[in-house]
Amino acid sequence: MKIPFLDLRRMEESLKSRLKSRFSEVLEAGIFSGGKEVETLEGAISDFLQSNYSIACTNGTDALELALRALGIGPGDEVIVPAMTWVSTAEAVVLVGAKPVFWDTDQYGLLRTDWEKAVTPKTKAVIPVHLYGKMVDMNSLMAKAKQHHLFLIEDAAQAFGAFKDEKAAGTWGDVGCLSFYPTKNLGSLGEAGMCLAQDAQISVKIRLLLNHGQPIRDQHELVGRNSRIDTVQAAFLNVMLEDFEQNQSRRKAIAMSYLEAFQNISEMILPEGILAKDHNAHLFVIQTRQRDKLKKFLAEKGIGTAIHYPTILPDMKPYLSVGDFPNARNLANQGLSLPLNPYLREEEVGEIIKMVHSFFKA
Ligand SMILES: Cc1ncc(COP(=O)(O)O)c(C=O)c1O
């Protein structure tokens, strides 16, 4: 049996035909940037996440950069970033001319709660990352950010649809950034992202920045850029949203099967709180000292896995920073993502469980 980590060709026929027919509608309408589909997407996401403003853009990395620019962060400023995340979180900080200051995570990859020790007079913002879909404790983080007069940008790229106390990931901070990269829980058929803002002025600034600083055509009020979403991606996302809840239930059911099956394997640490509402079950990351051997063993049995991520940011050439970062480093060395997506078949989940058991018994 060959079990891919994720194979997007497996989308159901009914979904494929809805996507094709929506594509035809866009083609017939002849509007390929902005328009009704973009407005519909922004409205639907505002309703679902209870966000005052939802501003679609080209991708999650641009969303982070737009957020930083909209908040006026730039040269001479420091921004606190977890040592373990996808590279975009720090990349965006460098792109606006500011300095990422890395802080260790907890055992599961979330910014450690003593991050305020990294605050200096130059610190302007903190970017917590809801890594693997699990929300950072935002109540305590917001209180500390407020105390230090820092902006709070949530990197919610992996956490679309996670809620804590009925409040969605991405709607707590000054700006929340989403990615609709195809592998995400809500993924487009290409690149797309979004900024969530709760303040009208910030939302206006983001909209200006992503469209060359124009409130209306040919009136340029500031130096912006082109980070507009493609109409066709917004249209695909509107279709994908129809299946979101159903896909989430499937993800949670698979996560529950794994948790039950692996609870007695003492050599393995399981993801924490993956069934709770503040986790969207984006990734199922286990940790074991035998990570590389397990990955190889599963590959030999035809089971695809992935590592999110093998290198911590302060160890990467463009972001080199001194510091120990023991938890983040541990996760980089021991974390392994097992397949977790709505396209997995029941017998495949059974096979993955069987093979993981057979590895640890041997
Ligand atoms: C934590 C995190 N931040 C930012 C991004 C950037 O999103 P995108 O790939 O849409 O630019 C991603 C997605 O890959 C991510 O996982």
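When a ligand or atom number is given, it counts from 1 through the structure's own listing order. In this chain, residues are counted from 1 in sequence order.
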### Query
In the protein, which heavy atom is nearest to atom 15 (C) of ligand 1, and how far is it?
A157 CB, 3.5 Å

### Shortest protein heavy-atom distance from atom 9 (O) of ligand 1, along with the residue and atom involved
S179 OG, 3.9 Å

### Task
Write out the residue and atom name of the closest protein heavy atom to atom 16 (O) of ligand 1, then the distance separating them to 0.1 Å.
Q158 NE2, 2.8 Å

### Query
Hey, does F180 come in under 3.5 Å of ligand 1, counting only N/O atoms on both sides?
no

### Query
Which pairs pass side-chain hydrogen bond (donor to acceptor under 3.5 Å, both in side chains) with one or both residues in residues 262-290, sequence neighbours excluded?
N185-H282

### Query
Looking at F5 and L338, what are the two nearest heavy atoms and their distance?
CE1-O, 3.5 Å

### Query
Taking N211 as the fixed residue, which of R217, R228, H220, R225 is the one that meets the side chain to side chain donor-acceptor pair (under 3.5 Å) rule?
R228

### Message
Which of the numbered atoms in ligand 1 are under 4.0 angstrom from any heavy atom belonging to K184?
### Response
12 (C), 13 (C), 14 (O), 16 (O)

#### Entry: Structural part of T61 in contact with ligand 1, heavy atom criterion under 4.0 angstrom
both

Pairs of donor and acceptor atoms involving the side chains of residues 291-301, under 3.5 Å and at least two apart or interchain, shall be tabulated with distances.
from : atom 1 : to   : atom 2 : distance (Å)
R291 : NH1    : A332 : O      : 3.1
R291 : NH1    : G335 : O      : 2.7
R291 : NH2    : A332 : O      : 3.0
R291 : NH2    : N333 : O      : 3.1
K295 : NZ     : T305 : O      : 3.1
K295 : NZ     : T305 : OG1    : 3.0
K296 : NZ     : E300 : OE2    : 3.3

### Check against side chain to side chain contact (heavy atoms under 4.5 Å, CB included), E116 and Q147
CA-CA 10 Å; E116 79 264 34; Q147 187 192 334; 5.9 Å; no

### Atoms of ligand 1 close to V129 [distance to a heavy atom under 4.0 angstrom, numbered from 1]
1 (C)

### Query
Nearest to atom 5 (C) of ligand 1, what protein heavy atom do you find, and at what distance?
W86 CD1, 3.5 Å

### Task
Return a yes/no value for T85: is any of its N or O atoms, backbone included, closer than 3.5 angstrom to an N or O of ligand 1?
no

### Region of D62 engaging ligand 1 - heavy atom pairs below 4.0 Å
neither

#### Entry: Atoms in ligand 1 with a heavy atom of N59 nearer than 4.0 Å
10 (O), 11 (O)

### Task
Please check if the side chain of D324 supplies one atom and the backbone of P326 the other of a donor-acceptor pair under 3.5 Å.
no

### Message
For a quick check under 3.5 Å, do N139 and W172 share a side-chain donor-acceptor pair by atom type?
### Response
no

### Query
Cluster question for you: counting only ILVMFWY and a side-chain heavy-atom cut-off of under 4.5 Å, with indirect links fine, are L313 and Y132 together?
yes

### Task
For side chain to side chain contact (heavy atoms under 4.5 Å, CB included), just list the numbers for L131 and L110, CA-CA rounded to whole Å, side-chain angles, deciding distance to a tenth of an Å, and then say yes or no.
CA-CA 6 Å; L131 198 69; L110 303 185; 4.1 Å; yes

### Task
Give the numbers and elements of all ligand 1 atoms closer than 4.0 Å to a heavy atom of S88.
4 (C), 5 (C), 6 (C)

### Message
Tell me the protein heavy atom at minimum distance from atom 3 (N) of ligand 1, and give that distance in Å.
### Response
D155 OD2, 2.8 Å

